[in-house]
Structures are given as C-alpha cells and as structure tokens.
2 protein chains.
Amino acid sequence: MDRLTQIEVFVKTAELGSLSRAAEVLGMSNAAASRHLAALEERLSARLIERNTRRLWLTEAGQEFLQRSSAVLNELTDAEEAINARTLSPTGLLRVTSSLSFALIYLAPMLPAFRALYPKLNVHIAAANRYPDFIEAGIDVAIRTRLHEPDTNIIVRRLGRMRRVLAASPAYLERCGMPKEPADLTRHDMLVYNLAADPFSLRLTKGDIERIVRISGALDSNDGQIIREAALHGLGILIQPLYIVQGDIEAGTLVPVLLDWDLPMLTMNIAYQNRVQLPAKIRVFTDFLVNYVRKNSSSQIWAG
Amino acid sequence: MDRLTQIEVFVKTAELGSLSRAAEVLGMSNAAASRHLAALEERLSARLIERNTRRLWLTEAGQEFLQRSSAVLNELTDAEEAINARTLSPTGLLRVTSSLSFALIYLAPMLPAFRALYPKLNVHIAAANRYPDFIEAGIDVAIRTRLHEPDTNIIVRRLGRMRRVLAASPAYLERCGMPKEPADLTRHDMLVYNLAADPFSLRLTKGDIERIVRISGALDSNDGQIIREAALHGLGILIQPLYIVQGDIEAGTLVPVLLDWDLPMLTMNIAYQNRVQLPAKIRVFTDFLVNYVRKNSSSQIWAG
DNA sequence: CGGTCTTTTCCACTAGGCGGAAAAATTGGA
DNA sequence: TCCAATTTTTCCGCCTAGTGGAAAAGACCG
C-alpha cells in the first residue's frame with residue numbers, strides 16, 4: 001500500500017466530506033479507500049476521521065494532520081513537477097569543450113539564438129584540444145575532429161565533414177615562391193597542427209592522381225589559432241580546415257595554394273556520455289548545434 | 001511500490017554514496033533498492049543519480065530533488081510523530097458535562113492535579129442536567145446519575161453509587177416540626193429534584209420495613225444547587241445526594257432527618273462515545289476521575 | 001589480467017492489494 | 001414506527017506487483 005495514496009485518500013475525504021466521493025475522484029473502489037484510510041489511522045495510532053454511514057467529521061488529530069499533510073503533499077508535487085519540468089525545459093549548466101577555433105567561429109555566434117530558446121540553461125565552453133575525461137572534468141559535450149576511442153559510455157555523433165586548405169601570406173609567397181606541385185611543399189616552411197592524424201604526411205589528390213608528401217614543420221602547434229597567426233606573419237604555409245581561415249582568405253591576408261588539389265576531409269564529431277536518460281540539456285544542445293551547422297554550412301566549408 | 005520508500009531509497013543512497021549500503025540500512029535487498037530508485041527516476045522522467053558499479057554522483061536534477069524531498073520527508077515524519085504523540089500524551093480540548101453540583105464538588109477540585117499531569121490538555125466543563133447529543137454538542141464525556149438509553153455508540157462506565165439524604169434548615173424544623181416517620185413527609189413542604197427517576201415517590205427502608213411515600217413538591221427544580229439554596233432558606237425538606245449538602249450539615253445550616261431510614265442509592269455514570277480508537281484524552285480523563293473519586297470517597301457518601 | 005565489489009536484471013514465488021458483493025449501520029421520509 | 005436509500009466496512013476470490021536470491025554485467029585496483 002502506497003503511503004502517499006493513504007494520505008491522499010485522507011485529505012480528499014476531508015475535503016469532500018465523503019469516503020465514497022473521495023474514492024471516485026481518486027479512481028479507486030470504496031473498499032480500497034476505506035482500507036487506505038484505516039491503514040493510515042493504524043500507522044498513526046490515531047483516529048483521524050470519525051465517521052458513520054451518514055456523515056463524517058475530523059477529529060482534532062485529524063485537523064492537525066490534514067493541515068500538515070496537505071502542505072507536504074503540495075510540496076512534494078511541486079518538487080516532482082519541477083524535476084519533470086527540467087526534462088522538458090532544461091535548466092542549469094551545460095559544459096561544452098571544443099577547439100578554440102570552433103568555439104570562436106561556430107559556438108560563440110550560435111549561442112545568442114540558443115540562449116533565446118533556453119534562457120534557463122547556461123553554457124560553459126572550455127577551449128581544449130583533446131578529449132577530456134568526461135566524468136572527472138565534468139564535461140557534458142565534447143566537439144572534436146578525432147574519433148573518441150571506442151567506449152561504451154561515450155556516444156559519438158557526427159557533425160559533418162569539413163574541407164581543409166593550404167594557405168600562406170602574400171609576403172611569404174613573394175619571398176619563397178608559390179608551390180606549383182605537391183612535391184614543392186617539401187621545400188617550404190610548413191605550419192603543422194600536431195593533433196591531426198599523421199600530421200607530417202600530406203595526401204593530396206587531383207582526379208585519379210594522388211601525391212603523398214612528407215613535410216617538415218617549421219612550426220607545429222596543438223592550437224589552430226596559433227597556426228593561423230604564424231601564417232599571417234609569413235612564417236610559412238598552413239594546412240587547416242577552411243572554416244578557420246576563410247575570413248583571412250577573403251581579406252587577402254592569406255592566399256590559398258595548390259587549390260586544384262584536394263586534401264582529405266576532416267570529420268567533426270560531437271561526443272557525450274551514454275546515459276539511461278539523456279539529460280534534456282545535452283539533447284537540445286546537440287540537436288541545435290547540428291541544425292545550426294547544417295543551416296550555416298556552405299559547400300565550400302562542409303561536405304556531406 | 002510505495003512512493004515514499006522510493007524517495008527514502010534515493011535520499012539514503014545520496015547520503016551514503018552507495019545503493020548497497022542504502023539497501024542495507026533500509027532493510028531491503030540490493031535488487032529492491034535498485035528497482036525503487038529506477039521507478040522514482042521513471043516517474044520523474046529524470047536521472048537523479050548517475051552511477052556505475054564503482055561510484056555514483058548526483059545529477060543537477062538529483063541535487064535539487066534531494067534538497068526538496070529531504071525536507072518533505074522530514075516534515076511528514078514530524079507530522080506523523082506529532083499525531084502519534086497525541087495518542088500517548090494528549091493535547092487539545094476535552095469537553096465534559098456534569099451537574100453543577102458534581103462540577104463544583106468533584107471536578108473543580110480535581111482539575112489542578114489532572115492538569116499537572118496533562119498540561120497540554122484543556123478541559124471545558126459544561127454544567128447541564130441532561131444527556132447531550134454528544135456529536136451535536138461536541139461533548140466528549142458526560143457524567144450523569146441516570147443511565148443513558150441503550151445506545152451502541154455510547155459507552156457507559158459506572159463511577160459509583162452515592163447515598164442520598166433528607167435534610168432541612170433548623171428554622172424550618174422549629175416552625176414545622178421534625179418528621180418522625182416516613183408518612184410524616186406527606187405533610188411537609190418537600191424540595192424535589194425533578195430529573196430524578198420518579199421524583200415524587202419516595203421509597204425508604206429500615207431493615208426489612210419498606211415505606212413508599214408520595215410527596216408533593218413545594219418547589220421542584222432541575223438543579224441541585226437551587227434545591228440546596230431553597231432548603232438553606234427554610235423553604236422545606238430536600239432529598240439530595242449526601243455529597244451536595246455534607247458541608248451544610250457539618251456547618252449546622254442543614255439538619256438531616258429520618259437518618260435511621262435508608263434511601264435508594266444514586267448511581268453515578270460516565271458516558272462517552274464508542275470509537276474504534278478511543279482518544280487518549282477521554283481515556284486518561286475517565287481513568288483519572290475514577291481514581292480520584294475512589295481515593296476521595298468516604299463510605300458516608302459513596303457505597304460499593 | 002584476474003579478483004573483488006557494486007549495480008542491474010532475471011526468475012520463481014508469494015504476499016498483498018484489488019474490485020465486487022455482502023453485511024452493517026444511519027438517517028429521513030412516509 | 002418501519003422501510004428505503006445510501007454510505008462505510010468487511011469478506012472473498014483472484015491476480016499481479018513486489019520480493020529475495022542468484023546470475024549477469026561492469027568498473028576499478030593490485
């Protein structure tokens with residue numbers, strides 16, 4: 001027997017002045033209602049409602065318990081509804097990690113619209129370059145180009161594939177010449193993102209032709225913005241996702257090279273912990289991000 | 001499944017950091033505890049505790065619900081314990097009705113000691129001469145000389161049998177003479193308590209001799225104190241329970257007559273409503289009164 | 001890599017709760 | 001005063017929900 005049901009029967013009977021009507025409202029038989037009330041009175045060792053077949057009235061103990069237990073029922077209902085509402089309209093804090101570049105170019109511009117939809121949900125973005133220990137770092141969502149190592153507890157969801165580009169400053173190209181073939185890259189200062197898979201081996205294709213070039217890094221870093229800054233200062237030729245440098249290219253401060261050759265795509269993924277009930281905040285954020293990227297993607301930057 | 005048990009499992013698990021330990025403390029199997037927690041999470045559509053086989057931690061929803069539901073559990077426990085305590089240490093108001101005489105001579109002197117034992121219980125005494133409608137008048141206990149008419153809802157408990165006495169003022173006796181035989185009473189002014197059974201027919205006995213005398217009432221009333229005041233003013237001979245006039249007799253302001261003749265005893269009863277669980281206040285009051293009368297009874301006034 | 005420990009799930013069993021109906025009781029109207 | 005109507009309580013047979021034990025699954029440490 002559910003103790004809360006016992007109290008509900010008592011409260012409803014006191015309100016309606018009839019066990020039968022309470023039973024009806026609560027969707028149970030008269031017999032069940034009678035038993036629930038009797039069980040409550042036995043548990044409290046007190047008669048809460050004096051009653052005969054014609055009328056009923058609260059005892060003094062019943063009046064006191066009605067006041068206190070009504071309050072308790074209301075508070076519990078509020079608490080349960082509040083928790084339930086969180087599932088439907090998420091609140092609290094969502095901790096996201098991505099590269100600085102992705103944060104600057106995609107997350108930051110996206111957040112105003114996201115926050116307008118979910119004003120009670122705060123988003124904290126940690127710029128980082130490696131997958132975190134989700135639990136230890138308290139991270140809810142990670143956005144990375146690499147795949148997370150196979151893990152039953154982490155779900156990886158593909159965001160999209162991004163094109164990459166080779167580019168250098170005009171000053172560098174004037175000083176060091178424009179590379180005409182992939183093989184020319186071996187004689188150039190290359191700016192390398194060292195967290196990429198096999199970062200010092202470049203594979204370029206043109207139609208059916210494939211060239212694999214081993215490069216040496218005049219500079220390598222785990223941060224795309226550092227790579228970009230180095231390129232802007234004429235330190236060499238960078239290879240990076242187009243989305244990071246498109247603004248520079250449009251501004252003329254970086255010049256793309258070997259444009260007729262294709263570089264391997266970069267797959268961008270969202271990763272989050274596998275949970276029995278995915279918190280609403282993770283669900284709404286990942287759905288929003290996927291939609292945002294889909295809507296704001298040009299075929300220049302994103303492919304399939 | 002008891003919903004309160006579900007919450008108790010959740011709260012205890014959060015406190016102890018282990019489902020197994022919560023199960024142990026709450027006296028249930030690990031399987032049962034696991035099911036209770038899962039049922040609560042399903043009911044709220046929210047994960048309250050993230051957990052694996054090594055550790056567990058509260059979600060944000062879980063932290064909020066822990067705070068609120070702990071408070072609710074505490075309040076409910078307080079409420080239930082308060083009601084339970086009432087049964088053991090009664091509080092509130094007890095409504096008693098008795099004759100004015102009985103109230104003045106027995107109840108009022110008794111109350112200080114009773115209240116010392118039960119300081120939280122207030123006693124309200126209504127002087128009245130007839131049995132009330134218990135429910136309508138909100139009366140808990142009635143003390144009366146007459147038997148309540150047979151009623152499954154009213155319990156009648158005997159308090160004791162009281163002696164009665166005939167008495168008049170010295171002035172009246174000097175003026176009208178001292179009655180020597182029961183038959184003499186027909187020529188005297190009698191002061192009659194008209195709520196007695198067959199008040200105008202007196203039955204007196206001396207050993208094996210019985211005399212039945214029909215009297216006429218110079219005055220009759222439903223209040224013993226009025227009868228007593230009339231006697232003190234020389235209006236006639238009264239017949240009343242000895243306890244009412246013993247003080248006057250000892251003071252010499254009333255003189256007993258026909259003392260060698262016995263009058264029928266008066267049975268004093270306590271009546272209260274029959275309830276499935278007798279409220280503690282009725283139980284403690286009636287027990288106290290019975291004991292008080294037993295301890296303060298002289299064989300002059302009370303008999304077996 | 002295996003052992004230890006915890007959580008979850010499965011399974012067989014049974015205790016408890018159900019609704020319907022009968023019993024008991026109360027009140028009002030004829 | 002009696003009977004009908006209505007409510008509360010109790011009984012009974014049925015059924016399912018909840019149980020504990022054990023196995024399965026998983027996590028972490030030595």
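First the proteins, then the strands, lettered A, B, ... as listed; each starts at 1.
- For the pair S98(A) (side chain) and I143(A) (backbone), a donor-acceptor distance under 3.5 Å is absent.
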*Given the rule in the side chain to side chain donor-acceptor pair (under 3.5 Å) test, do T13(A) and R51(A) qualify, once you have shown the distances and angles that lead to the verdict?*
CA-CA 11 Å; T13(A) 299; R51(A) 51 203 184 269; over 6 Å; no
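- For the pair L37(B) and T53(A), nearest-nucleotide mapping onto DNA chain C gives the more 5' position to L37(B).
- In this structure, a donor-acceptor pair under 3.5 Å is present between the side chains of R157(B) and T286(B).
- Regarding L19(B), its CG atom lies at a distance of 16 Å from the P atom of dA27(D), rounded to whole Å.
- A donor-acceptor contact under 3.5 Å is formed by the side chain of R54(A) with the base of dT6(D).
- Listed by residue number, the members of residues 21-33 of chain B with any heavy atom below 4.0 angstrom from DNA chain C are N30(B), A31(B).
- Taking atom CH2 of W57(A) as the reference point, atom P of dT7(D) lies 16 Å away to the nearest angstrom.
- Taking 4.0 Å as the cut-off between side-chain N and carboxylate O, E80(A) and R43(B) count as a salt-bridged pair.
- A donor-acceptor pair is defined here as one N or O able to donate and one able to accept, closer than 3.5 Å; no such pair exists between the side chain of E41(B) and the backbone of A46(B).
- The separation between N52(B) atom CG and dC29(D) atom C1' is 14 Å, rounded to whole Å.
- In terms of polar N and O atoms assigned as donor or acceptor, the side chain of R35(A) comes within less than 3.5 Å of the base of dG19(C) in a complementary pairing.
- The backbone N or O of R95(A) sits less than 3.5 Å from a side-chain atom of D140(A), completing a donor-acceptor pair.
- The interatomic distance linking L16(A) (CG) with dT8(D) (C1') rounds to 16 Å, in whole Å.
- Between dT7(C) and S20(B), a contact under 4.0 Å exists linking OP1 or OP2 to a side-chain N or O.
- When the P atom of dG16(C) is taken as reference, atom CG of D2(A) falls 16 Å away, rounded to whole Å.
- Here the C1' atom of nucleotide dT9(D) and the CD atom of E50(A) are 14 Å apart, to the nearest Å.
- Under 4.0 angstrom from either OP1 or OP2 of dT9(D) there lies at least one side-chain N or O belonging to S34(A).
- OP1 or OP2 of dC28(D) lies within a sub-4.0 Å distance of a side-chain N or O belonging to R55(B).
- Residue H36(B) contributes atom NE2, which lies 12 Å from atom C1' of dG20(D) at whole-angstrom precision.
- Between F65(A) and F10(A), the two ring planes are tilted [angle within 30° to 60°].
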